[in-house]
Protein chains: 2
Amino acid sequence: MGKKKKAEFYGVKEIARRANVSIATVDRVIHNRPGVAVKTRDKINQIIKELNYQPNILASRLASRRVFRFATLIPAVSDETDYWQAPLAGIEQAESEIKQYGVTVDKYFFDLNDKNSFTREAQRVLESDPDGILVAPSFIDESIPFVQKCRQRNIPYVFINSDIPEQESLCYIGPDLFHSGYLGARLTSYGTGEGKILVVNISKEIDNHHHLLRKEEGFRAWFADHGKANEIHKIDIRETGYESVAAALSRTFADHPDIRAVFVTNSRISTVAAFFEKRREGKYLDTPNKGQHPVILIGYDFLEKNIEYLEKEIIDFLICQQPDEQGYLGIRNLYQSQVLGKPVEKVHFMPIDIVARENYSVYKN
Amino acid sequence: MGKKKKAEFYGVKEIARRANVSIATVDRVIHNRPGVAVKTRDKINQIIKELNYQPNILASRLASRRVFRFATLIPAVSDETDYWQAPLAGIEQAESEIKQYGVTVDKYFFDLNDKNSFTREAQRVLESDPDGILVAPSFIDESIPFVQKCRQRNIPYVFINSDIPEQESLCYIGPDLFHSGYLGARLTSYGTGEGKILVVNISKEIDNHHHLLRKEEGFRAWFADHGKANEIHKIDIRETGYESVAAALSRTFADHPDIRAVFVTNSRISTVAAFFEKRREGKYLDTPNKGQHPVILIGYDFLEKNIEYLEKEIIDFLICQQPDEQGYLGIRNLYQSQVLGKPVEKVHFMPIDIVARENYSVYKN
DNA sequence: CCGACGTTCGTGTACGTACACGAAAATAAT
DNA sequence: ATTATTTTCGTGTACGTACACGAACGTCGG
């Protein structure tokens with residue numbers, strides 16, 4: 001096969017030749033700049049279409065001195081919010097990949113326990129006048145005025161992790177909470193059969209409680225859709241410390257010793273797991289079903305603390321939605337859209353992964 | 001924050017200035033080309049290190065007329081081997097991303113039912129003298145002489161899907177078969193409890209039977225590791241048509257009507273599912289446990305045929321290892337290594353995903 | 001001492017696109 | 001008709017790197 005298969009690429013030069021104009025004119029057409037007669041413009045556009053012209057990004061980015069600056073506004077990582085480590089890693093991964101194409105990413109962080117910090121940092125983001133923003137709109141009320149200002153200034157923004165549908169972002173990248181709860185229910189039912197089930201919401205006042213509720217909805221919907229009549233109890237714990245969680249669980253199990261599975265609607269499952277670990281060791285003697293068949297424990301997020309209990313066979317499954325990929329895709333989409341001028345998907349739901357102790361080691365978070 | 005944060009990048013020009021030489025000399029040093037005095041070379045290398053010089057890939061690829069040609073050698077897609085559609089899609093995805101950087105990918109296919117076709121196509125690949133090869137070494141005996149020739153000619157190659165560890169490839173990207181079987185066992189046990197289990201291998205003579213065995217090993221290992229004494233039966237079906245599969249299953253269920261779960265070691269699970277569907281509709285009246293509690297069905301691969309049965313609630317779980325990502329990463333790694341000159345991971349095991357009817361719609365294959 | 005040859009290095013052009021600048025043509029104003 | 005103004009377009013240079021070509025210098029044999 002001596003086929004050279006010389007993949008012929010046509011550039012502005014060829015377009016200019018065919019249109020009997022200079023490459024500068026072609027360039028003007030390509031970039032929608034003024035100063036070209038309508039007739040000429042049409043002719044050139046025609047030729048561009050005919051040749052299926054694909055600009056050489058290498059040359060384009062090289063010649064353009066323009067530097068794109070993106071900004072990210074996400075929760076700071078803390079003990080309470082390990083979760084955000086992953087999106088940050090994804091953002092940094094994307095940054096390292098496109099840095100060489102003249103893109104910088106400035107990162108701003110807010111405190112999930114402090115709405116004011118969001119507003120403050122959002123202000124700083126605006127002042128830096130970036131070419132695009134990646135934001136986790138955890139505080140809806142505070143996010144709306146922020147993105148309105150962005151729209152005024154024509155700064156595109158993408159949402160990750162939480163969506164605010166009416167706020168026409170460039171795109172949304174995040175989990176499908178309802179279906180993740182739905183899947184959680186399936187896993188729970190699959191292992192429990194007819195047994196009693198406990199749903200646990202652990203969140204502070206300030207937390208995005210809506211997230212948890214949406215998962216719970218999905219969870220309950222599954223049982224309804226499948227005509228299962230499992231007894232589903234639920235407790236809301238508004239104090240995230242171990243003691244308070246243990247106390248609540250202890251009380252609940254005293255009332256319902258026959259609970260067979262626990263579904264925790266967020267990553268705080270490790271606290272619940274700690275309770276069960278102690279229990280396994282003989283603590284909480286007042287909880288009657290100590291020593292019985294172990295309780296199935298299912299929750300959320302690939303965090304070190306959670307993996308630990310996965311290994312110890314206390315947590316059974318973790319549901320994850322690739323938080324790092326969320327950050328990665330967010331930046332990539334900004335790049336796609338702003339630098340390359342290509343369209344992006346409006347809504348991108350992340351896959352809903354099931355992590356067990358048998359596969360967590362190859363899970364790419 | 002008026003910080004301009006002007007990320008200062010130094011280029012060959014600056015290096016040349018500092019070394020009191022021309023950029024051509026710097027270029028020679030960077031590319032390890034001869035014709036530079038040792039003293040000059042050392043000096044320039046020193047400066048390169050000091051400045052932490054990062055070549056501008058845009059300019060580099062633009063200026064270099066060099067075109068990289070990669071070749072892929074994977075099984076052709078057929079009804080029997082839908083699986084390979086996904087890696088091919090991944091390859092094409094990667095190709096479209098790096099095409100603009102002067103990389104072409106020529107695809108060669110062999111017939112999984114014909115070892116000779118592998119040898120023939122491998123020969124064609126060699127004749128095309130590519131700059132790198134992505135190969136699925138399905139036929140080990142035929143692959144070894146092939147990659148030996150590659151090494152002779154200094155053509156790097158990466159393995160996907162199957163590894164041949166001693167053949168020092170650039171890297172391996174593929175599934176961890178053992179652990180996928182291990183996970184399958186967990187899922188099976190989780191839903192079955194103590195029940196009887198059936199392992200089904202469906203493969204033609206020529207198939208890579210080793211793959212299936214490895215999964216089965218993992219499957220059995222899990223039960224051993226966890227001290228479970230489930231009765232595990234096994235059937236080998238060497239004729240892949242529906243009739244033959246149905247006959248074998250029918251016979252097995254006649255002997256063991258109390259089998260509670262079936263684990264199929266590859267994507268032919270749809271054939272097994274078809275059997276259960278018919279059975280549900282009242283066929284195979286000779287199989288005693290018709291109408292009883294449905295049998296749990298777990299197998300492999302995100303194929304349309306399989307998804308269909310997932311939806312119909314006949315298949316319970318599919319284990320997938322992102323075959324498209326395997327193709328994608330394979331090409332990306334060739335690019336990383338050959339074009340960018342960056343090192344790549346030697347072994348990359350794909351995540352082991354669990355696909356159920358509750359999450360398949362957001363699964364990215 | 002001269003030419004042949006090897007070593008070491010610099011000059012110059014090219015890659016495909018972006019854009020500043022100014023020229024030419026068309027139109028309007030005088 | 002002439003000048004002023006606007007519209008339309010071309011020329012030329014730059015981006016950072018790759019590489020062909022040849023210049024300058026030294027070495028060596030005769």
Side-chain atoms of Thr25(B) come closest, of dT8(C), dG10(C), dG16(D), to dG10(C)
How long is the line joining NE2 of His31(A) and P of dA18(C), in whole Å? 3 Å
Please verify the inter-ring angle class for Phe118(A) with Phe110(A); under 30° counts as parallel, over 60° as perpendicular, anything in between as tilted. perpendicular
Find out whether Arg28(A) and Arg41(A) are in side-chain contact, i.e. whether some heavy atom of one side chain is under 4.5 Å from a heavy atom of the other. no
Would a 4.5 Å heavy-atom cut-off, applied to side chains only, mark Ile133(B) and Val158(B) as touching? no
In whole angstrom, what separates Ile23(A)'s CD1 from dT8(D)'s P? 20 Å
With respect to the side chain of Ser22(B), which nucleotide from dC19(C), dG10(C), dT17(D) is positioned closest? dG10(C)
Euclidean distance, atom CZ of residue Arg33(B) to atom P of dT17(D) [Å, nearest integer]: 13 Å
Atom CD1 of Ile15(A) to atom C1' of dT17(C): distance rounded to whole Å? 11 Å
What integer distance in Å separates Arg28(A):CZ from dT11(D):C1'? 11 Å
In whole angstrom, give the distance that lies between atom CZ of Arg66(B) and atom P of dC19(D). 9 Å
Take the protein atom CD1 of Ile30(B) and the nucleotide atom C1' of dC19(D), then report the distance between them rounded to whole Å. 13 Å
Does Gly35(B) reach a base, just sugar-phosphate, or nothing at all? Heavy atoms under 4.0 Å. base
Side-chain atoms of Ala63(A) come closest, of dC19(C), dG16(C), dT11(C), to dG16(C)
What's Asn56(B) touching, base or sugar-phosphate or nothing? Going by heavy atoms closer than 4.0 Å. sugar-phosphate
Distance-only donor-acceptor test (3.5 Å): side chain Arg61(A), base dG16(D): no
Of dC19(C), dC15(C), dT11(C), the nucleotide closest to the side chain of Ala24(B) is dT11(C)
Of the candidate nucleotides dC19(D), dC9(C), dA14(C), which contains the atom at the shortest distance from the side chain of Val36(B)? dC9(C)
May I ask you to verify if any side-chain N or O of Tyr53(B) is less than 4.0 angstrom from the OP1 or OP2 atom of dT17(D)? yes
d(CD1, Ile57(A); P, dC15(D)) in whole Å: 22 Å
For Ser22(A) versus Ala16(A), what's the shortest heavy-atom pair and its separation? C-CB, 3.8 Å
Looking only at dA20(D), dG16(C), dT17(D), the nucleotide nearest the Ser60(B) side chain is dT17(D)
State, with a plain yes or no, whether a side-chain heavy atom of His348(A) is found less than 4.5 Å away from one of Cys171(A). no
Would you please confirm or rule out a distance under 4.0 Å between OP1 or OP2 of dC9(C) and any side-chain N or O of Thr40(B)? yes
